[in-house]
Amino acid sequence: MAILKAAIITVTPFQQNCSVIWKEDTKIAAVTDPGGDLELIEKFIEDQNLTLSKIFITHGHLDHAAEAKALADKFNVVICLLYTSDAADE
């Protein structure tokens with residue numbers, strides 16, 4: 001049975017939660033809502049010896065999505081959107 005681990009990295013001046021989830025045996029990881037403070041997220045990935053495979057965005061607000069493209073470009077991974085529109089917020 002695969003064991004999943006998770007950590008929360010608090011990012012941006014909004015103190016938004018960015019999550020890193022990974023399989024303990026393979027060290028394959030995903031990052032959810034990398035809104036900012038990319039250096040903290042990258043350091044965690046490196047310190048844990050993780051291989052980033054995906055980025056998930058829960059919604060399109062700046063504090064959740066701002067650094068997604070930069071992180072995706074650095075690790076050459078895809079961004080998965082977990083929403084269809086923020087129109088309901090309006």
Side-chain angles (χ1 to χ4, degrees):
M1 175 172 62
I3 296 175
L4 293 178
K5 292 192 143 192
I8 294 173
I9 303 169
T10 305
V11 297
T12 81
F14 296 110
Q15 297 295 286
Q16 177 266 325
N17 292 329
C18 168
S19 301
V20 181
I21 303 161
W22 69 98
K23 284 180 67 177
E24 185 176 50
D25 58 346
T26 64
K27 301 285 191 174
I28 302 294
V31 171
T32 303
D33 292 337
D37 298 319
L38 208 52
E39 66 284 348
L40 295 176
I41 300 166
E42 291 172 0
K43 182 174 181 345
F44 183 86
I45 291 168
E46 291 168 12
D47 288 351
Q48 297 298 316
N49 198 31
L50 302 175
T51 301
L52 186 61
S53 68
K54 286 189 173 82
I55 297 170
F56 296 111
I57 305 297
T58 59
H59 61 279
H61 292 171
L62 184 65
D63 60 325
H64 289 257
E67 294 291 340
K69 175 137 177 33
L71 190 63
D73 288 348
K74 176 165 184 155
F75 288 92
N76 196 32
V77 298
V78 298
I79 299 171
C80 302
L81 304 177
L82 303 178
Y83 68 98
T84 56
S85 171
D86 283 330
D89 292 345
E90 297 173 4

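Please read these numbers as outputs of a predicted model, since none were measured by experiment.
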Novice: Side chains of Leu4 and Glu24, heavy atoms from C-beta outward: is any pair under 4.5 Å?
Specialist: no
Novice: Taking side chain as C-beta onward, heavy atoms only, is Leu71 less than 4.5 Å from Leu52?
Specialist: yes
Novice: If every non-hydrogen atom of Leu38 is compared with every non-hydrogen atom of Ala70, which pair is closest and at what distance?
Specialist: CD2-CB, 3.7 Å
Novice: How long is the gap from NZ on Lys23 to OG1 on Thr51, to the nearest 0.5 Å?
Specialist: 12.5 Å
Novice: Please collect all ring pair (Phe, Tyr, Trp, His ring centres under 6.0 Å) contacts where either partner lies in residues 1-34, sequence neighbours excluded, each pair once.
Specialist: Trp22-Phe44
Novice: Going from NZ on Lys69 to NZ on Lys74, what distance comes out if it is rounded to the nearest 0.5 angstrom?
Specialist: 14.5 Å
Novice: Would a hydrophobic clustering, with Ile, Leu, Val, Met, Phe, Trp and Tyr connected at side-chain separations under 4.5 Å, put Ile9 with Ile21?
Specialist: no
Novice: Determine the minimum heavy-atom distance between Val11 and Gly35, stating which atoms define it.
Specialist: CG2-N, 4.2 Å
Novice: Is there a side-chain contact between Ile57 and Asp33 in this structure, where contact means two heavy atoms from C-beta onward sitting under 4.5 Å apart?
Specialist: yes
Novice: Identify which one of Ile79, Val78, Thr32 satisfies the side-chain contact (heavy atoms from CB on, under 4.5 Å) criterion when paired with Lys54.
Specialist: Val78
Novice: Measure the NE2-CG distance between His64 and Leu82 for me, rounded to the nearest 0.5 Å.
Specialist: 12.0 Å
Novice: Can you tell me if Asn76 has over 12 outside heavy atoms packed within less than 6.0 Å of its CG?
Specialist: no
Novice: Between atom CD1 of Ile8 and atom CG of Asn17, what is the distance when rounded to the nearest 0.5 Å?
Specialist: 4.5 Å
Novice: Taking all non-hydrogen atoms of both residues into account, name the closest pair between Gly36 and Thr12 and its distance.
Specialist: N-CG2, 3.7 Å
Novice: Counting C-beta onward and ignoring hydrogens, is there a side-chain heavy-atom pair between Ile45 and Val31 closer than 4.5 Å?
Specialist: yes
Novice: Which atom pair, heavy atoms only, marks the closest approach of Ser53 to Ile28?
Specialist: OG-CG2, 3.5 Å
Novice: Once rounded to the nearest 0.5 Å, what's the spacing between atom CD of Glu67 and atom CD of Glu39?
Specialist: 8.5 Å
Novice: Salt bridge (charged side-chain N to carboxylate O under 4.0 Å, His left out) with Lys27: which residues, sequence neighbours excluded?
Specialist: none
Novice: Kindly give the heavy-atom pair with the smallest separation between Ala72 and Ile55, and that separation in Å.
Specialist: N-CD1, 3.4 Å
Novice: Enter the distance from Thr26:OG1 to Ile3:CD1 here, rounded to the nearest 0.5 Å.
Specialist: 11.5 Å
